[in-house]
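Comments concern the structure below.
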Amino acid sequence: MSAGDGDDGVRVGGDDERGDRAYHAFWADEVADRVEARDPEEPVVVKGGVSPSGVPHAGHVNEALRGYYVASVLRERDHDVRQVFTSDDRDPLRSIPYRLMTLDGEYVERDGFDVGALGRNLGRPLTDVPDPLGCCDSFGAHQTALLRQAVDAVGVPVDFYSATALYEDGAFADVAADLLARPAEVRALLAEFQDSVDADGDYWPFRPRCESCGIVTGGVRSFDADTRTVRYVCEDIEAGDRTIEGCGHEGVADLTEGKLPWRFEWPAQWAHFRVDFEPFGKDHAEGSWPSGQEIARDLLDVEPPEPLVYEWFTLDGAALSSSSGNVITAGELLELVESDALRYFFAKEPRKQRDLAVASLDGLVDEFDRFERAYFRGVDAADPDQGAAGADPATAERAYPYVLDPRRVPAAATSAADDPGTVDATLDRVAAADPDPADFGRLRAFLEGVFRERVRVPYRFAAVLGMTERADVREEIARREGHLPDDAPAWAVDLALDRVDHARAWADRTGNRFDYRVERGALPDVDVDGDVAAALAEVASVVANGGDGEAVQGELYEAADRHGVEAADVFEAGYRLFFGDDEGPRLGPFLADLDREFVVARLRRER
RNA sequence: GGGCCGAUAGCUCAGUCAGGGAGAGCGACGGCCUCUUAAGCCGUCGGUCGGGGGUUCAAAUCCCUCUCGGCCCGCCA
């Protein structure tokens, strides 16, 4: 069959049956199909997890959002879904971070915290390491708090778990005891995956915390099934390219004091939470995932979750790396773009390598805007965006209601609905990941009704509007340039202009050509030639007399002409006076929009 | 060495599952509004769809192969 036959039919809800295979325009629908095919018990459990050793960065929210989209699809299909997220904070401290972050999102470099104190705690569980910034119970608790902030910031509601708390509660004790009771089976299985494990060797699937020196050590010698304890000798442990010395202490640990090696900890989590679906980065895909599946099925009698391998993204062309400083946090990104756009980035095809370029964030926001337009346009309408990225209406139809951040829908918009209370309650439940079965239908109806009137100002234009702090001037310029329809409701105008501060921060951070700002303070120190000054004084008169933008713009040229100077010199002087820069926006209309008194005085260089 | 994933315009990316016209935005370039300054409008340039081979009437799309990149096969997650 070919598309040229013209009888492919309309894609209903983005879905199309071909034989026994369902095509889905949105990847999360395909994953949800596979989860449903398992016939899971309710609630369906979606899990994610991160080791919080470094500053939690934008890559970590990828894990949370991938799970969120699948959870959302399943919820719309009337499943009860629980999304859990673990902070694997019993992992040992393996290296000294290059920098830390306060709970307020400020970076702290190595000269700002006690490196030695961390160094003396290498090898200990993160939750046993004192917080170098002093605000939390432990370094692990601090990092976990940051991770939680990041997940919250993108609007993914999860049941958050500390691995240490889980161990202390004995959540993994049964699995650990089960595995330790049959070391030969464990060794035989793991030997297939790890050269370092010998099927006839002395490997034990548990790493006790030394009761003497506190490191997460190896050295298990035996397991006592009656007391559910291991005997161990504290041994050296390898951490990257360094060795952390064990103390040689001979001791006994019970199964809440220590941890499972990751390859076992992961299946233990599946068993404990009864996980049905879990996304993970490609680093796991060929490592712990294959062994984890076998451990789960053959040793624990647990069906592994449905997997989703997602690609890592690069930041400005290079891998995210704490040590090289090439990181960006979710919080930083959310200063630059609205949460909807960031959520959109992680709604795109997961298996594709892509670059997140800060300098090109405007392109991401443009793409989100096309995606949103495609949703409102619908599958049957003509497509002004043609084949542009993000503009496929079938994908937008499925994904947009999940991508749109329900927390950002203005209350004034819901109050315009036929039944505001119902819509508010729906949005609250969706935002809290606890929707009623009919909520997605109500959400879609609201979006296609009231929210259809939302307005987006182009991101680069929003950056330009950021040149002035004054909300009334921003709105006036946006209206004049046709970015705010006359009949747009007030909430839509406010929502559109919310973008300005983000885009302004982007222009500021990248120092790009949209990075100009009105110098409202002291008169900039500008040398102005006498003829240019005279020309500017005449422009000032036009402004003082209430000339509109076009009149001021014309006067800039005409005054230059009358005084025998190049228009370019008049413009440059103007840009220097108002922006401290030698270029800027179209000057006449801009000056006409600012408060007249200030403009007149500045043109006369009085203040 | 073995494996998984990827490669489409200068940049960021759609399109690949289901074969049929190579696309978008940005950038660049040119033009327009009494006006060199765009944040508006119009237009142009820009691609052997990483290379090669195969299947087919037809391949960015399916198959094989090679190259390059990321990751895994140690630790850790």
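Residue numbering restarts at 1 for every chain, and letters A, B, ... go by the order of the sequence lines. Fair warning: this is a prediction, and the values are worked out from it, not measured in the lab.
Residue-level contact check: A:F280 touches neither bases nor backbone, having no heavy atom under 4.0 Å from any strand. The residue A:S53 sits apart from the nucleic acid: no heavy atom pair falls under 4.0 Å. Within 4.0 Å of A:A567, counting heavy atoms only, lies at least one base atom of the nucleic acid. Using a 4.0 Å heavy-atom distance criterion, A:E349 is classed as making no nucleic acid contact. Residue contacts shown for A:I477 include a base, since a base heavy atom lies under 4.0 Å away. Counting any heavy atom pair closer than 4.0 Å across all strands shown, A:G554 reaches no nucleic acid atom.
Straight-line distance from the CD atom of A:E30 to the C1' atom of B:A18: 12 Å, rounded to whole Å. With rounding to whole Å, A:E572 atom CD is found 22 Å from B:C35 atom P. We find that CG of A:D283 is positioned 11 Å from C1' of B:G70, with the value rounded to whole Å. Rounded to a whole Å, the CZ atom of A:R456 is 20 Å from the P atom of B:G25. In this entry the distance linking OH of A:Y310 with P of B:C71 reads 15 Å, nearest Å. Regarding A:W289, its CH2 atom lies at a distance of 22 Å from the P atom of B:C71, rounded to whole Å. Atom P of nucleotide B:A24 and atom CG of A:D369 are separated by 18 Å, given to the nearest angstrom. At whole-Å resolution of the value, CD in A:E475 and C1' in B:A39 are 17 Å apart.
When the C1' atom is used for both B:C68 and B:A77, the distance is 27 Å, rounded to whole Å. Distance noted for atom P between B:A38 and B:C26: 15 Å (whole Å). On the C1' atoms, B:C5 is 16 Å away from B:G50, given to the nearest whole Å. Separating the C1' atom of B:U8 from that of B:C13 is a span of 9 Å, rounded to the nearest Å. Separating the C1' atom of B:G20 from that of B:C4 is a span of 32 Å, rounded to the nearest Å. Between B:C17 and B:G52, the distance separating the two C1' atoms is 25 Å to the nearest Å. Distance check on atom C1': B:G3 versus B:G19 gives 29 Å, rounded to whole Å. Taking atom C1' on both B:C66 and B:A28, the two are 35 Å apart, rounded to the nearest angstrom.
Heavy-atom distances to RNA chain B give each of A:R370 and A:L364 a nearest nucleotide, and the one nearer the 5′ end belongs to A:L364. A residue-by-residue look at A:D362 and A:G317 shows that A:G317 has its nearest nucleotide of RNA chain B further toward the 5' end.
Proximity of the aromatic rings of A:F313 and A:F345 is defined here by a centroid distance below 6.0 angstrom, and this criterion is met. A:Y161 and A:F273 have their aromatic ring centers within a separation under 6.0 angstrom. Close placement of the A:F376 and A:Y400 rings is indicated, their centers lying within 6.0 Å of each other.
Distance from the side chain of A:H284 is smallest for B:A77 among the nucleotides B:U12, B:C5, B:A77. Side chain of A:R207, nearest nucleotide from B:A39, B:C76, B:U34: B:C76. Among the nucleotides B:A77, B:C4, B:C35, the one closest to the side chain of A:D91 is B:A77. In the set B:C5, B:C76, B:U12, B:U12 carries the atom at the smallest distance from any side-chain atom of A:A357. When distances are taken from the side chain of A:R351 to each of B:A77, B:C13, B:C5, the shortest belongs to B:C5. For A:H483, the side-chain atoms get nearest to B:G40 when compared with the rest of B:C13, B:G40, B:G74. Listed nucleotides B:A39, B:G25, B:A77 differ in distance to A:D366; the shortest reach to its side chain belongs to B:G25. When the nucleotides B:A77, B:U12, B:A39 are ranked by their closest atom to the side chain of A:S360, B:U12 comes out on top. Taking only side-chain atoms of A:P92, from C-beta outward, the nucleotide of B:G25, B:C13, B:A77 with the closest atom is B:A77.
Around CG of A:D202, the count of heavy atoms belonging to other residues, nucleotides or ligands within 6.0 Å does not exceed 12. Within a 6.0 Å sphere centred on CD of A:E245, other residues, nucleotides and ligands contribute 12 heavy atoms or fewer.
In terms of the side-chain contact (heavy atoms from CB on, under 4.5 Å) criterion, residue partners of A:P279 (sequence neighbours excluded) are, by chain and number, A:R66, A:F277, A:L308, A:Y310.
Within residues 260-270 of chain A, the residues having any heavy atom closer than 4.0 Å to RNA chain B are, in order of number, A:W262, A:R263.
Judged by atom type and distance alone, A:E367 does not reach the base of B:C13 through any side-chain donor-acceptor pair under 3.5 Å. The base of B:G69 sits within donor-acceptor range of the side chain of A:Q353, with an N or O pair under 3.5 Å.
Counting all heavy atoms, side chain and backbone alike, A:P56 lies closest to A:Q143 at CG-O, 3.8 Å.
For B:C41, the paired nucleotide is B:G31, the pair qualifying as Watson-Crick or G-U wobble because both relevant distances are below 3.5 Å. Base pairing annotation: B:C68 forms a Watson-Crick or G-U wobble pair with B:G6, both donor-acceptor distances under 3.5 Å. Partner assigned to B:G1 is B:C73, using Watson-Crick or G-U wobble distances below 3.5 angstrom. Remark: B:G25 base-pairs with B:C11. Criterion, Watson-Crick or G-U wobble with two distances under 3.5 Å.
Sorted by first then second residue, the salt bridge (charged side-chain N to carboxylate O under 4.0 Å, His left out) pairs that include residues 558-569 of chain A, not counting sequence neighbours, are A:E538-A:R562, A:E555-A:R562.
Side-chain N/O atoms of A:S162 and A:D89 include a donor and acceptor closer than 3.5 Å. Side-chain contact of A:W262 with A:S288: a donor-acceptor pair under 3.5 Å is present, judged by distance alone.
In this structure, A:R187 satisfies the cation-pi test against A:W204, with its NZ or CZ atom closer than 6.0 Å to the six-membered ring centre and inside 45 degrees of the ring normal.
Contact annotation: A:K259 reaches the phosphate of B:A77 (side-chain N/O to OP1 or OP2, under 4.0 Å). Regarding contacts with the backbone of B:A7, a side-chain N or O of A:K352 is found under 4.0 angstrom from either OP1 or OP2.
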